[in-house]
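Everything below concerns the one structure shown next.
Side chains included, hydrogens not; waters and symmetry mates left out as well; all remaining heavy atoms used.
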Amino acid sequence: MTLILKPVETYRDDFTFSNSAHAIARFPFPFPEDQYRYSVNIEPATSRDPGSVFEHWFDIDEHYRSEMAERARVLEQDPRRYLVMPHMQTASWDALQMFMEHLSNDYPALFSLTRAGDQWHWRNHVLGIDQHFTFGDPGTLPCEPLEFITRQVQGDIALLDQRDNDLFMDAGMVTSPADWSLAFDAGMSFKQWHTPVPMAHELGVFDRALKYLLNIQVDKPVRRLNWTLTINPRMDTSPETFHEWGHDRSTVTAENAGALVHLRVELQFMARLPRSNGLMFSIRTYLISLNELVTNPVWATRLHRVLRDLPDPIADYKGMTRYRQPLLAWLSQFDPHA
Amino acid sequence: MANSTASPHAPFKSVPYYPPMAINPDARCHLVISDGSDLPRTQALVSRLAQTPRVDSLVLGASDTPSLQRLLQVLAQWFAGLHVGVQLHVLGSEAFLWTIHAQATAHGLSNEEISLCSPTDAMQRLVYCVHCANVHSHPLADAVKCPACAVALEVREHFSRRLGAYLGVCRNADAPYSGLPA
Amino acid sequence: MNDVIQVRVHAALNITPVIREITFEPVDTALPAYSAGSHVQVHIPLAQRTLRNAYSLLNAPADRTAYRIAVRLQEHSRGGSRYLHENLKVGDVLNLSRPANLFPIHTLGRHHILIAGGIGITPFLAYSEHLLREGASFELHYAYRSGLTDAYVQPLAERLGDRLHAYDSLERPLNLAPILSNQPLGSHLYICGPQRLLASVREQASALGWPDGRIHWEAFSSAEPGLPFSVELAQSGRRIEVGADQSLLEALEANAVEIPNLCRGGVCGQCVTRYVKGDVTHRDHFLAANERADRLMPCVSRGCGSSLVLDL
């Protein structure tokens, strides 16, 4: 099926972002049952369901132009959203190679890569980029390799250094985080950067997850889904800008919840970076308004039950405490047993 | 917010955990660095180390290290001439501990080689304002006002060793700039 | 199933009387890239069964056109190294596991000290290429027996110049104290060789104040034969016989019980399995004494005496 890219829409100010019927149909609804529980829901990232978000390692969808424009805007205002520590150079080139190989192979109409030894030629037909460079030589690119490539892929990217039997957040491009700051978390170990997550530490979730991630092998990536809620289709829900967007949460009513509240799903993907032995952690974010979501009645009923029964600490961590009641009031109309 | 230092998982979370002082009996050289805020404890440590092969100490405010800048310079010179087998002991305010920690790791020391003694200023802490990226020292409190950008911050139980500071995030997004005196 | 990579033997060369270097080329697609220190498991098709032995990859990690390994003929071989020495021919097609790295270079190291004993040189061939490419500071100490395990002395001397320190064990024994003293802050130490070399380097480094986190090692151990025994699987009630020159892990695999594993030599801890009763000869270098009360590593450890029951 041909991928049709939309013209640029906005994730701020007038919020013109919306999903086509096709995008709604392929939205990765994250709840397999009527109740949400923490689990190490990691699975091998094998390709499945052609056309779905699970087909390719790096999913490109109709919002490509909009997301790349939004990333450029965020970086212009706050360059600290991108960071690479000096020992992450090999990992950066690994990441560039992984993206270029997969994107050109999976989306040949959008991207192309030709190579003769270390002489590479990359073309991004959507953004009009045509770049000859020497692989491994940062001087032949207009900016650092990780910045160059992550300005061309949807989703936030963190590169994790593996050492001392742990993972460290030592590089990344993070312009659409769900309330975490790369500038603050940089350099932290796996458990350190997960400190703000409630309950899970006590359940031993991070011990099991870390052990699993440390042993990811080359070409055997894994993935998991995570979710939260966002008011308006706002990509940049960073702590850096919280004082500008946090008040949106007070504007939700039982009447406007369908238009304002969005389910935000992260498709997290973790792959071994072959030569550096680091890990790529990509966080691909999908937004859907509840008005769009309830066009699927099974999703509508289930979302109501999940949010109604969510433990308070998790609801609080996900930032929904202030508007949970009006939201549930609105959602209950789609639950026949409510 | 829960006091996570009381949790058995404290050492694995980001908030700093200062274990009781332990001396590596095999270290070939011990360095004691103090900001001078607790000289009796510094002297007690140096005495305890008297039996080890080599002990050097630096105290902020002493004649050869009158300022922090000077102390860091001397320390950098030391590190350049040292070999694996060093244990570094740091005493002082929390801000001082993490300043020295950053300098030591920049010269190749690992956490195993650095002992941070519990800070002498338990009633102060550094807070990183996530909005303007400035770090300031504040009295211990759940909420503080950033002197640089004036946003009233909630101080979260999340600590960056790299920055030596706690995370401060706008506490009331409906009125970011009001509620607390600077 | 893409858990294995099919390769063809491109070259096989005896470089000393006991060391054979084997070069594999891909059968269809390019080989996965890997990091220095990685190993692969070679699936060795013996007449009765398939053995899987782990070998370090030697070549420059950026090279995806070939994998090279070096195999030392083991006197107490269960048949794997003997097969690779005596039966394997150019053109043969074999399966390899995907590369995995249990012995990576520390990314924050400011100076790297590599110490190899005999065939333990293999991971350091890949290390040297990586460190040269990165322009990193390092030194390689290589103890060998001339005419037997000195396979790579000449090429390394040409490639590394005075970074190489060679020790013919009969002429010039390895003296550790000067190597471990006076190394700059931020140095990391890597050891690969026989157990006694590992133990002696670790012990001397600790005594000189080296913290554990700066000392990295890879033991080359693999399953050794023992007496036959039988094992019962508690959950399925099945009973499996383990032959004298077969490991428990291999016996389980032969009966379609797959257990995650990487090193097959008792060091990585991937295959740790719980047992509910029975006597065990523990041969791993991973489990703590108290963990051995109810856990074992089937890649090397064996049942003995009373019947062994696994929690599988």
Item to check | Residue pair A:Arg80 / B:Tyr128: nearest heavy atoms and the distance that separates them | outcome: NH1-OH, 3.5 Å

Checklist entry - Do B:His131 and A:Phe242 pass the side-chain contact (heavy atoms from CB on, under 4.5 Å) test, and can you show the C-alpha distance, the side-chain angles, and the key distance before you say yes or no? => result CA-CA 8 Å; B:His131 309 294; A:Phe242 176 71; 4.2 Å; yes

Checklist outcome for this item: Rounding to 0.5 Å, atoms CE (A:Met188) and NZ (B:Lys13) come to a distance of 13.0 Å

Checklist entry - Looking at CZ of B:Arg162 and CZ of A:Phe168, how far apart are the two atoms once the value is rounded to the nearest 0.5 Å? => result 14.0 Å

Item to check | Over 12 non-hydrogen atoms of neighbours within 6.0 angstrom of CD in B:Gln77 | outcome: yes

Next on the checklist: Between B:Leu167 and chain A, with a heavy-atom cut-off of 4.5 Å, which part of the residue counts as in contact: side chain, backbone, both or neither?
Outcome noted: both

Item to check | Interface moiety of B:Cys129 toward chain A, non-hydrogen atoms closer than 4.5 Å | outcome: neither

Next on the checklist: If you define the side chain from C-beta out and look only at heavy atoms, does anything of B:Asp174 sit under 4.5 Å from A:Arg322?
Outcome noted: yes

Checklist entry - Which atoms of A:Met169 come close to chain B, meaning under 4.5 Å heavy atom to heavy atom: side chain ones, backbone ones, both, or neither? => result neither

Checklist entry - Under a 4.5 Å heavy-atom cut-off, does chain B meet the side chain of A:Asp248, its backbone, both or neither? => result neither

Checklist entry - What part of B:Ala133 gets closer than 4.5 Å to chain A, counting heavy atoms only: side chain, backbone, both or neither? => result both

Checklist outcome for this item: Note: A:Ala183 and B:Leu163 closest approach over all heavy atoms is O-CD1, 4.0 Å

Checklist entry - For A:Trp245, is it the side chain, the backbone, both or neither that has a heavy atom under 4.5 Å from a heavy atom of chain B? => result neither

Checklist entry - If you draw a 6.0 Å radius around CG in B:Asp64, do more than 12 non-hydrogen atoms from other residues or ligands fall strictly inside? => result yes

Item to check | Exam field: side chain A:Thr195 to backbone B:Ser14, donor-acceptor pair closer than 3.5 Å | outcome: yes

Checklist outcome for this item: All heavy atoms of B:Val130 vs all of A:Pro239, minimum pair found to be CG1-O, 3.5 Å

Next on the checklist: Students often mix this up, so state it plainly: with edges at 30° and 60°, are the rings of A:His243 and B:Tyr177 parallel, tilted or perpendicular?
Outcome noted: perpendicular

